Amino acid sequence: MIADFSCIHSIVVLTGAGISAESGLSTFRLKDGLWDNHKVEDVATPEAFRRNPDQVHKFYNARRRQLNSVVPNAAHRALARFEQHFAGNFLLVTQNVDDLHDRAGSKNLIHMHGELLQSRCTDCGIIEKIVYDLSTESVCVRCQRTGTIRPNIVWFGEIPLAMETIYDALSQCDLFVSIGTSGNVYPAAGFFQQAKMAGAQTIELNLDPSEGASSFDDCHYGLATELVPDFFQLP
């Protein structure tokens, strides 16, 4: 399954929880409404943060600490190597909030759902890199207010990040590859349709067929750590 990239000039890759699952990170199980055994509405909405910020902070602190016990896998590394050597335009868009793509070496990368290793002040808007736990006692480094710091995560009901940049890249790409995503969380689930309308070839690399699998031009199923290095090879 080695792709021919000789006529490909612009690529957009979308990754989801499936790629990080093979490094040992829990996936977001939308169908049963649970995320690490928590109800989505209790940890992943603005309303949840207003209602019980301590619980939300506790949830994301635990997930942030988990990053210390995992490393990028072969799929993360293969994408970073490919980007480094590909002569055309390459954009990696991830739905994941972990830092595994970053650590693998990916550069032209968009975390459309935010990042665990960032905080944001709801008052002044400053975004800070963090490696420590957050709480309602955390103080903003800019405005010095307490209780205004939240994880810089895009929750349900909020607009994903860098959408204009993503849609611009989709409108110009000639290859779109979706990796490790269930295809049931929008707007990411509709990216392949945007690319298809622009004339791009669409490929799915996944453990199991996504909800939109039948509409992709080509699909391959198995472990991301096997499929991705096999697909993303340059001569």
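In this chain, residues are counted from 1 in sequence order. Because the structure is a prediction, the values reported are computed rather than measured.
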Output all residues satisfying ring-ring contact (aromatic ring centres under 6.0 Å, His included) with Tyr221, sequence neighbours left out; order by chain, then residue number.
none
Within the distance-only criterion (no hydrogens, no angle test), does the side chain of Asn61 pair as donor or acceptor with the backbone N or O of Leu134 below 3.5 angstrom?
yes
Can you tell me how far apart CG (Leu92) and CZ (Phe82) are? Round to the nearest 0.5 Å.
11.5 Å
Pairs under 3.5 angstrom only: tabulate donor-acceptor contacts from the side chains of residues 185-196 to other protein residues two or more places apart or in another chain.
unit_1: Lys196; atom_1: NZ; unit_2: Ser215; atom_2: O; d: 3.0
unit_1: Lys196; atom_1: NZ; unit_2: Asp217; atom_2: OD1; d: 2.8

Residues clustering with Val154 (ILVMFWY side chains joined when closer than 4.5 Å, directly or via others)
Leu161
Taking every heavy atom of Gly125 against every heavy atom of Arg120, the minimum-distance pair comes out as O-CG, 4.1 Å
With ring pair (Phe, Tyr, Trp, His ring centres under 6.0 Å) as the criterion, how do Phe86 and Phe232 come out once you've worked through the C-alpha distance, each side chain's angles and the decisive distance to 0.1 Å?
CA-CA 10 Å; Phe86 182 59; Phe232 284 96; 9.1 Å; no
Give a yes or no on whether Val93 and Phe176 share a hydrophobic cluster (residues Ile, Leu, Val, Met, Phe, Trp, Tyr; joining criterion: side-chain heavy atoms under 4.5 Å apart).
yes
Verify, without hydrogens or angle tests, whether Gln144 (side chain) and Cys140 (backbone) share a donor-acceptor contact under 3.5 angstrom.
yes
Take Arg142 and Glu128, measure what salt bridge (charged side-chain N to carboxylate O under 4.0 Å, His left out) needs, and give me the verdict at the end.
CA-CA 10 Å; Arg142 176 189 284 171; Glu128 285 283 298; over 6 Å; no
Between Glu83 and Arg77, is there a side-chain N and carboxylate O pair less than 4.0 Å apart?
no
Non-hydrogen atoms of Ile203 and Leu205 that approach each other most closely
CG2-CD2, 3.9 Å
Looking at Ala17, is its backbone amide N or carbonyl O close enough to the side chain of Ser20 to form a donor-acceptor pair, meaning the two atoms are under 3.5 Å apart?
no
Decide whether Leu117 and Leu100 are clustered together by the hydrophobic rule: side chain heavy atoms of Ile, Leu, Val, Met, Phe, Trp, Tyr closer than 4.5 Å, transitively.
yes
Got a second to check how far Glu115's CD is from Leu67's CG, nearest 0.5 Å?
10.5 Å
Between the side chain of Asn206 and the main-chain N/O of Thr181, is any donor-acceptor distance below 3.5 Å?
yes
Does anything in residues 90-100 form a salt bridge (Lys or Arg N to Asp or Glu O under 4.0 Å)? List the pairs, not counting sequence neighbours.
Asp99-Arg103
Atom CD1 of Ile166 and atom SG of Cys173: how far apart are they, to the nearest 0.5 Å?
12.0 Å
For the atom pair CD (Gln233) and NE2 (His85), what is the distance rounded to the nearest 0.5 Å?
12.5 Å
Same cluster for Phe216 and Leu227 if Ile/Leu/Val/Met/Phe/Trp/Tyr side chains link at under 4.5 Å?
no
For the pair His76 and His101, name the ring-plane relationship: parallel under 30°, tilted 30 to 60°, perpendicular over 60°.
perpendicular
If you compare all heavy atoms of Cys143 against all heavy atoms of Cys121, which two are closest, and at what distance to 0.1 Å?
SG-SG, 3.7 Å
Solution key, residues 105-112 side-chain donor-acceptor pairs under 3.5 Å, sequence neighbours excluded:
unit_1: Asn108; atom_1: ND2; unit_2: Phe90; atom_2: O; d: 2.6
unit_1: His111; atom_1: ND1; unit_2: Asn96; atom_2: O; d: 3.0
unit_1: His111; atom_1: NE2; unit_2: Asp102; atom_2: OD1; d: 2.8

Answer with yes or no whether the side chains of Thr15 and Gln95 bring together a donor and an acceptor at under 3.5 Å.
no
About how many Å separate OG1 of Thr45 and CZ of Arg51, when rounded to the nearest 0.5 Å?
6.0 Å
Does the side chain of Asp54 pick up a donor-acceptor pair with the side chain of His57 at under 3.5 Å?
no
Test item: Gln118 side-chain N/O and Pro151 main-chain N/O as donor-acceptor pair under 3.5 Å
no
Got a donor-acceptor contact below 3.5 angstrom from the Gln172 side chain to the Ala169 backbone?
no
Would you call Asp230 and His220 a side-chain contact if the rule is heavy atoms closer than 4.5 Å?
no
Who else is in Val141's hydrophobic cluster (ILVMFWY, side-chain heavy atoms under 4.5 Å, direct or via others)?
Ile126
Glu204 and Ser178: side-chain donor and acceptor closer than 3.5 Å?
no
Starting from Leu223, can I reach Val228 by hopping between I/L/V/M/F/W/Y residues whose side chains sit under 4.5 Å apart?
no
Examine distances only and state if a side-chain atom of Asp174 and a backbone atom of His9 form a donor-acceptor pair shorter than 3.5 Å.
yes
Which heavy-atom pair separates Pro229 from Ala224 by the least distance, and what is that distance?
CD-O, 3.4 Å
Has Ser23 got a side-chain atom pairing as donor or acceptor with Val71's backbone, closer than 3.5 angstrom?
yes
Do the side chains of Leu91 and Ile179 join up, straight or via other hydrophobic residues, at under 4.5 Å, putting them in one cluster?
no
As an exercise, state the distance from OG of Ser119 to OH of Tyr132, rounded to the nearest 0.5 Å.
5.0 Å
